[in-house]
Asker: 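Please read through the structure below; I'll follow up with questions.
Proteins get letters first, then strands, A, B, ... in listed order; numbering begins at 1 in each.
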2 protein chains.
Amino acid sequence: MECVNPPTFRTMGITRRQGRPDVRKRMPTIYEVAARAGVSPATVSRVFNGQNVSADKSRRVREAAETLGFTPNRVARTLRLQNSEVIALVIPDIENPFFTSLARGVEDVAQAAGYSVVLCNTDEDHEKESRYLDIALSANMAGVILAAAGDHSDLDALIRRGRPIVAVDRGPHGYDIDAVLVDSRAGGRAATEALAAQGFRRIACITGPRDVETATLRAEGWRAAVTGLRLEHDEQHLIYADFRIDGGHKAMRQLVELPTPPDAVFVANNLMGVGALQLLAERGLLPPAVGMAVFGDLPIFAPTPLAVTLVSLPARHLGVTAADLLLKRINGDDQPPRTIVLRNQIVASS
Amino acid sequence: MECVNPPTFRTMGITRRQGRPDVRKRMPTIYEVAARAGVSPATVSRVFNGQNVSADKSRRVREAAETLGFTPNRVARTLRLQNSEVIALVIPDIENPFFTSLARGVEDVAQAAGYSVVLCNTDEDHEKESRYLDIALSANMAGVILAAAGDHSDLDALIRRGRPIVAVDRGPHGYDIDAVLVDSRAGGRAATEALAAQGFRRIACITGPRDVETATLRAEGWRAAVTGLRLEHDEQHLIYADFRIDGGHKAMRQLVELPTPPDAVFVANNLMGVGALQLLAERGLLPPAVGMAVFGDLPIFAPTPLAVTLVSLPARHLGVTAADLLLKRINGDDQPPRTIVLRNQIVASS
DNA sequence: ACGATGGCAGAAATCGATTTCACCGTCAAT
DNA sequence: ATTGACGGTGAAATCGATTTCTGCCATCGT
């Protein structure tokens, strides 16, 4: 199935002109509200921040604000307070359903606590990541939830500034900060052992980039299972790919074209799982012809029962937990940093 | 396949304490840089904004900034400039791959132009949407790309303030602003006609909420095809659901359980398509047993060829185009508003 | 009756960058 | 030689809200 995004377009003329004679009205400020209500700006501020103000003035301020359509300027507020009610969520791939579920979890918790979330997509690129972390800092954001692009993120500036950070999905490499993780090593091992239990002997592994912790840990789990169970072991059966659909596809091709191809494969994330399945479908080798286990849930509707073993991940719950932790920190909790490991669960896709 | 997110977790104790004696260092400011370089703050600002400064002082300023680790404070800058290099992208469902693709397009363009994107998820909720629009305004963001949650978003404040807005995917309801759309009506009609061409006579329609433009337009397209081709027509065959997987699942169940069920169905978005397919799979009625056409690309790797007709959408391209348009507006383009309609394309999933 | 306490409110400082205004040299044009 | 223009620079105003500092007035206790 090929879908081409057509580059052509047509423009529909619209003739009525917008009634905007370039007025660009300024927003009403606290001073204008104060003037209209006959009080000082300080009083207006106090009304909006729940301080003690006489009922009479309070009412007048509210009325004035109402008729002027006043909204407090967040930028000024943030500048003065050195703090804003925004948290940054930095993730490596916004098109990966795992991360969007996670984001959803973060959002729900943050929303409920009156915080907004800004989502920053790093595309597994250190430079983009570092730019977004810079922004979080210089925009006085309240905190950061980070799924790091690699193993050497620079969090010094944020930490010096006392901004809370929670690492999620991927560990905090060298920083002693809160983290919410799944057990990649155990998951990789369990998935591989499940394949072995299904009778497969030559089990390969497709994992992510070498500098991404979850990639190496999952591969380690695979290796532990393979050597622990004394299965056949061939170094060509371990491939470092890129955690993307294409990468999984290419890696799988490489594997099936080996002189002695594996009879099963453990794939270290969901998208590469999709890629690998695509290749197997092309070659008519869909599971159970070749054994497959995937770390993560497949973004798949599988009309035919597919014999794939999954390590199911609590993506949303990961986000919820990370957000909870972060909000606690923001509200002054200063226990020593914790690492919370959520359990994964082996599921046979049926 | 059931995947349960286990609510249990265990905490791994970590003992080493963070070496943060609660110093919370302030960031260095332009004043400190100025003092260290022996110049005025104004000069420091000029150095960082490419104004005329003598080579000597410029060098001294740069050195001072370097050693102090100075980063300009974005909040202060934004307050003064009444403008920031951030654009808001407001979408109704971050878990829908259509919108994440779109977001990806927006991001790529914005990044390249030096803008950051903050992603706001409204969950099809007017209140959340209005809160995010408020934030965009009071945070002095440069512009907004909006896929509206319904047909009565309030953009008055943003427009009064002169902030550019581009509507994407869903029209700008009553505002004369730029829009980037696909032709929902034509797509709905074409999809339905394709089903008719495959020989189906009793074609149902599952669409989205009544107050979402794309939902009603796609249903209109379906109706036009059904009446145009004089197919059998039953009002019970039009169901307004919610654009989500579950909604599609329930709606499809409702349809198959009708006394005279349809022999085909046109589903107005990708997620509901997944839900509908899930139900059909449960009942052993997968296409082509029941005809199906879906508006949008299925977030699916389908291992067995599925006889589903797709109206393929240029999601990423929609985002790219909207971002281009917005950036032009931000840079002062003031042509009359344009509506750009990208073409969709009928694709037979094979 | 007098000092003490506390609630309420305004003037002014503050957050950190940008920019206007004014001033000083220097150099080219008249 | 005088005028004008222009590049470089600093002092101070500015963006809009919060908060400290201060003072006023009323209430309370003794």
Side-chain angles (χ1 to χ4, degrees), chain A residues 24-62 64-65 68-86 134-135 137-142 161-162, chain B residues 24-61 64-65 68-86 134-135 137-142 157 161-162:
Chain A
R24 292 204 167 214
K25 269 199 190 146
R26 277 175 53 282
M27 297 293 283
T29 73
I30 207 175
Y31 291 90
E32 289 150 50
V33 175
R36 195 167 216 286
V39 300
S40 77
T43 300
V44 177
S45 170
R46 288 192 261 258
V47 168
F48 280 89
N49 293 288
Q51 311 240 354
N52 283 332
V53 174
S54 71
D56 172 49
K57 299 207 170 169
S58 176
R59 188 184 44 72
R60 269 162 39 213
V61 166
R62 268 177 228 291
L68 291 175
F70 167 76
T71 313
N73 182 314
R74 279 187 153 71
V75 179
R77 181 165 212 274
T78 300
L79 177 60
R80 178 65 228 245
L81 261 39
Q82 301 283 308
N83 192 16
S84 72
E85 274 155 352
V86 174
D134 247 35
I135 290 181
L137 184 63
S138 67
N140 286 349
M141 295 193 192
R161 189 68 204 280
Chain B
R24 292 204 169 213
K25 270 198 191 147
R26 278 176 50 283
M27 297 293 284
T29 73
I30 207 175
Y31 291 90
E32 288 150 52
V33 175
R36 197 166 215 289
V39 300
S40 77
T43 301
V44 177
S45 170
R46 288 193 260 256
V47 168
F48 280 88
N49 293 288
Q51 310 242 354
N52 282 334
V53 174
S54 71
D56 173 49
K57 298 204 172 174
S58 175
R59 188 184 44 72
R60 273 165 32 216
V61 166
L68 291 174
F70 167 76
T71 314
N73 183 313
R74 279 186 152 71
V75 180
R77 182 166 212 275
T78 301
L79 177 60
R80 179 63 228 243
L81 294 178
Q82 302 283 306
N83 192 16
S84 73
E85 275 155 353
V86 174
D134 246 36
I135 291 182
L137 183 62
S138 68
N140 286 350
M141 295 192 191
R161 190 68 206 279

Asker: Can you list every salt bridge (charged side-chain N to carboxylate O under 4.0 Å, His left out) pair that touches residues 35-46 of chain A, not counting sequence neighbours?
Answerer: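 Non-adjacent pairs meeting salt bridge (charged side-chain N to carboxylate O under 4.0 Å, His left out): zero.
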Asker: Could you tell me which residues satisfy side-chain contact (heavy atoms from CB on, under 4.5 Å) with B:Pro28, sequence neighbours excluded, listed by chain and number?
Answerer: B:Glu32, B:Leu68, B:Phe70
Asker: Could you list the residues that satisfy side chain to side chain donor-acceptor pair (under 3.5 Å) with A:Arg59, not counting sequence neighbours?
Answerer: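 Partners of A:Arg59 by the side chain to side chain donor-acceptor pair (under 3.5 Å) criterion, ordered by chain and then number, come out as A:Asp56, A:Glu63.
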Asker: Would you please name every residue forming a side-chain contact (heavy atoms from CB on, under 4.5 Å) with A:Asn140, sequence neighbours left out?
Answerer: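 side-chain contact (heavy atoms from CB on, under 4.5 Å) check on A:Asn140 returns A:Thr78, A:Arg161, A:Arg163, B:Asn73, B:Val75.
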Asker: Report the residues that fulfil side chain to side chain donor-acceptor pair (under 3.5 Å) with A:Ser84, sequence neighbours left out, ordered by chain and then residue number.
Answerer: none
Asker: According to a strict under-4.0 Å criterion, is B:Asn52 in side-chain N/O contact with OP1 or OP2 of D:dG7?
Answerer: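 No, outside the criterion.
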Asker: Who pairs with A:Ser58 by side chain to side chain donor-acceptor pair (under 3.5 Å), at least two apart in sequence or on another chain?
Answerer: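 Scan of A:Ser58 (side chain to side chain donor-acceptor pair (under 3.5 Å), adjacent residues dropped) gives none.
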Asker: Can you list the residues that meet the side chain to side chain donor-acceptor pair (under 3.5 Å) rule with A:Arg77, with sequence neighbours excluded?
Answerer: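 A:Arg77: side chain to side chain donor-acceptor pair (under 3.5 Å) contacts with A:Asn49.
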Asker: Using the test side-chain contact (heavy atoms from CB on, under 4.5 Å), find all partners of B:Ala142 that sit at least two apart in sequence or belong to another chain.
Answerer: B:Asn83, B:Ile87, B:Tyr115, B:Ile330
Asker: Nearest 0.5 Å please: distance from the CZ atom of A:Arg62 over to the CZ atom of A:Arg60.
Answerer: 13.5 Å
Asker: Applying side-chain contact (heavy atoms from CB on, under 4.5 Å), can you list everything that pairs with B:Asn52, at least two apart in sequence or on another chain?
Answerer: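 With sequence neighbours excluded, B:Asn52 shows a side-chain contact (heavy atoms from CB on, under 4.5 Å) to no residue whatsoever.
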Asker: Polar pairs (N or O, both sides) under 3.5 Å between protein and nucleotides 25-27 of chain C?
Answerer:
none

Asker: Enter the inter-axis angle for the ends of the helix from C:dA1-D:dT30 to C:dT30-D:dA1 (five pairs per end, rounded to 10°).
Answerer: 40°
Asker: Scan nucleotides 10-20 of chain D nucleotide by nucleotide, 5' to 3', and note B when protein non-hydrogen atoms come under 4.0 Å of the base, S if they reach only the sugar-phosphate, - if neither.
Answerer: BB-BBBBBBBB
